[in-house]
Every structure is written in C-alpha cells, then in structure tokens.
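If you're wondering where the values come from, they're calculated on a predicted model, not measured in any experiment. Quick note on labels: first sequence line is chain A, next is B, and so on, each numbered from 1.
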Amino acid sequence: MRITTWNVNSVRARLDRVIAWLEANTPDLLCMQEIKTLPETFPHEAFEAIGYRLAVHGQKTYNGVAFASRAEPAEVTRGMPGDPEDAEARIIAATVDGVRVVNVYVVNGKAVGDPKYDFKLRWLDRFREYLQAELENHETLLVCGDFNIAPEDRDVHDPDLWRGKVLFSEPEKEKFQAMLGIGLKDALRLHNSEPGVYTWWDYRMGGFRRNLGLRLDHFLVSEAAAKRIREVTVDREERGGEKPSDHAPVTAVLD
DNA sequence: ATGGTGGGTTCCCCA
C-alpha cells in the first residue's frame, strides 16, 4: 500500500499538477493539506474521473485537508472533539484498507512571540491528546501531513540560521518529541538517517534552486504500522517546473 | 532587520 502526503497550496490552483501526479504515481491514498476551499467548491469531478474517491474538510480561503483514495474511506471524522463549530479545518481522519489515517495541517505560527505562535503550541497540546485517543482505538495508526516543524538539525539546510525561529524553535521541537512520546515513530527515520532530506522550500529568495529546504511533512506511525513501513521518499522533482506547490509530495510504502 | 514569492470569491492576510 502506498500513501502520499502533500501540501498542495490550493487544490484549485494546483489541480492540473495534482491530477497528473496521481495518474503518474497511482498511490492508494493521497492526503492533501492547504486545499484552501470549501467542500462545495472542491474540484471533485477531476479526481473521480481518474478513479479516486474523496473525503474533504475545507474552509474558504485558508487551510483545509482532504483524502483522495482508491478504496472508499470509512469512519471519516473531521476536526478534533471539543473543537468549536467555526474551528479552522486542519484535521480529517479515515480508515482506508484497514489503516487508520489522520491527515493534519498544523498551525504555521507566523513567528516566535506572535500570538499565532502561542496558539500553535497550545493547538499541538490538544492535537497530541487527540492522537492519544486515536492510538487507544486503532492499533495500526498513521498520522501524516504538514507539521510545520523540522524535528532535528539534519532536517534543516542551515540549523544555526534557523535555530530559535518559527518551524525550528525549541518549544516546537519539544511538542514534536511529545507526539513521539505517546508511542509514534517518525517513519522516514526508520530507514533513512541522512541529513538533507527536505520537503519544503520557500518560494522566496530562490529557495528551491539553492536547496534551502526544511523537512516539515511527516509520517508518524504506531508500532504496528511501523513494522509495515518499507520506505518513505520525497518526490523532489515535483517541486520544480511551472507553478509548483512549495511542498513536495512524500510517499510511504507499507506492506 | 528586511525582503523576496505565491495564493485567495484578494485591494490585505496568510504562508
């Protein structure tokens, strides 16, 4: 089974590229983040025409997450229990081919010290509690998406430049470790300890051309799911060309 | 410390 996570940065702006990528790569499940649209304006037809079924949790303009899968997604849930009605659309979960998958777009945080940064840290506490409950209910759990945190020095092109900055500050990294602490593993690191594996490059300053990347998109997996992980790879090539997302697709292969 | 680039039911906000 192949599962891909991809922050597409607007599913409508990226539609041709996403559909072409699906046709070329045929994952069993695609987890999208930052779809930036409501379910009623999501381009359903293009996905259905190539044999994918959809489950969408969207909002206007910002955020939004969605699944596109070969098999029908079951037990679909949107958001976290206790979220207010108008909460940002950042989480969708479903069971696909017997695997429980949580698809997340974590709060960006803007800058250390900004109110959005404090909101990010608090949101991550609630998210960890939500994952703990998912773990109790599902032995084979896979959490994927844009975590907006680079966990370690080897995940950052210039750790000393980024140290203390949003996406790489100590409190954010502690929240990431706390998610591992409930019994999840960083799936890419099960089989790859190399530095320089990035999933995001800023549009600005020629970030991709100069390979100024960070690893922000992750698969966190339960013990049972970890045993089934064969590899996790980044499709760097998809970050190039005309009108790319600023994130590359990341694919996990499971037995 | 600043700015640069890209997307959105856009003329500012978010990343």
Side-chain angles (χ1 to χ4, degrees), chain A residues 5-21 30-46 56-66 79 86-91 103-124 127 144-151 155-158 160-169 171-173 175-176 198-218 234-250:
Chain A
T5 182
W6 191 7
N7 179 326
V8 296
N9 187 19
S10 170
V11 70
R12 290 188 292 175
R14 215 68 58 210
L15 185 60
D16 291 351
R17 282 189 74 132
V18 172
I19 295 298
W21 192 90
L30 172 65
C31 305
M32 288 172 272
Q33 301 89 37
E34 281 208 273
I35 61 169
K36 295 189 172 179
T37 198
L38 286 160
E40 51 265 42
T41 43
F42 190 99
H44 286 84
E45 299 77 10
V56 178
H57 183 34
Q59 68 181 87
K60 205 204 285 194
T61 309
Y62 302 119
N63 312 315
V65 285
D86 61 349
E88 296 171 337
R90 296 184 176 278
I91 298 169
N103 173 9
V104 63
Y105 174 53
V106 171
V107 176
N108 173 284
K110 191 179 171 80
V112 173
D114 190 279
K116 289 188 173 72
Y117 176 81
D118 297 324
F119 175 70
K120 178 181 193 174
L121 297 181
R122 293 196 308 275
W123 192 92
L124 284 164
F127 182 56
C144 67
D146 177 2
F147 286 73
N148 269 316
I149 302 171
D155 302 313
V156 179
H157 68 92
D158 185 345
D160 290 330
L161 177 73
W162 279 88
R163 219 172 295 288
K165 302 272 203 317
V166 73
L167 311 177
F168 194 57
S169 72
E172 291 166 275
K173 287 187 272 187
K175 300 299 183 192
F176 188 88
Y198 309 135
T199 66
W200 171 83
W201 298 260
D202 203 309
Y203 284 125
R204 297 165 285 190
M205 306 284 287
F208 184 61
R209 179 175 50 78
R210 298 159 64 200
N211 196 25
L212 309 179
L214 304 182
R215 189 170 71 96
L216 302 180
D217 302 87
H218 309 295
V234 181
D235 184 1
R236 273 184 62 98
E237 213 168 293
E238 182 58 32
R239 180 60 179 78
E242 287 293 303
K243 281 195 156 285
S245 169
D246 47 352
H247 293 254
V250 186

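- Evaluation of the salt bridge (Lys or Arg N to Asp or Glu O under 4.0 Å) rule for Asp202(A) yields Arg204(A) as partners, not counting sequence neighbours.
- Classified by its glycosidic torsion, dT9(B) falls in the syn category, the angle being within 90° of 0.
- Straight-line distance between the P atoms of dG6(B) and dT2(B): roughly 23 Å, to the nearest whole Å.
- The shortest distance between the side-chain N/O atoms of Arg12(A) and the OP1/OP2 oxygens of dT9(B) is below 4.0 Å.
- The same atom, P, is picked in dC14(B) and in dT9(B); the two are 14 Å apart, to the nearest Å.
- Within the structure, the salt bridge (charged side-chain N to carboxylate O under 4.0 Å, His left out) test picks out no pair touching residues 107-119 of chain A (sequence neighbours left out).
- Ring geometry for His247(A) against Trp200(A) counts as tilted: the plane angle lies between 30° and 60°, on a 0 to 90° scale.
- Computed from coordinates, the Met205(A) CE to dA1(B) P distance equals 16 Å when rounded to whole Å.
- Remark: Asp86(A) engages no residue in a salt bridge (Lys or Arg N to Asp or Glu O under 4.0 Å) (not counting sequence neighbours).
- Rounded to whole Å, the C1' atom of dA15(B) lies 13 Å from the corresponding atom of dG4(B).
- Taking the salt bridge (Lys or Arg N to Asp or Glu O under 4.0 Å) definition, one finds that Arg90(A) meets it with Glu88(A), sequence neighbours left out.
- Taking Arg17(A) as the reference, Glu238(A) meet the salt bridge (Lys or Arg N to Asp or Glu O under 4.0 Å) condition, with sequence neighbours excluded.
- dG4(B) atom P lies 14 Å from atom CZ of Arg210(A), rounded to whole Å.
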Anything under 3.5 Å between a protein N or O and an N or O of nucleotides 10-15 of chain B, put it in a table, one pair a line.
from    : atom 1 : to        : atom 2 : distance (Å)
dC14(B) : OP2    : Lys116(A) : NZ     : 3.3
dA15(B) : O3'    : Asn108(A) : ND2    : 3.3

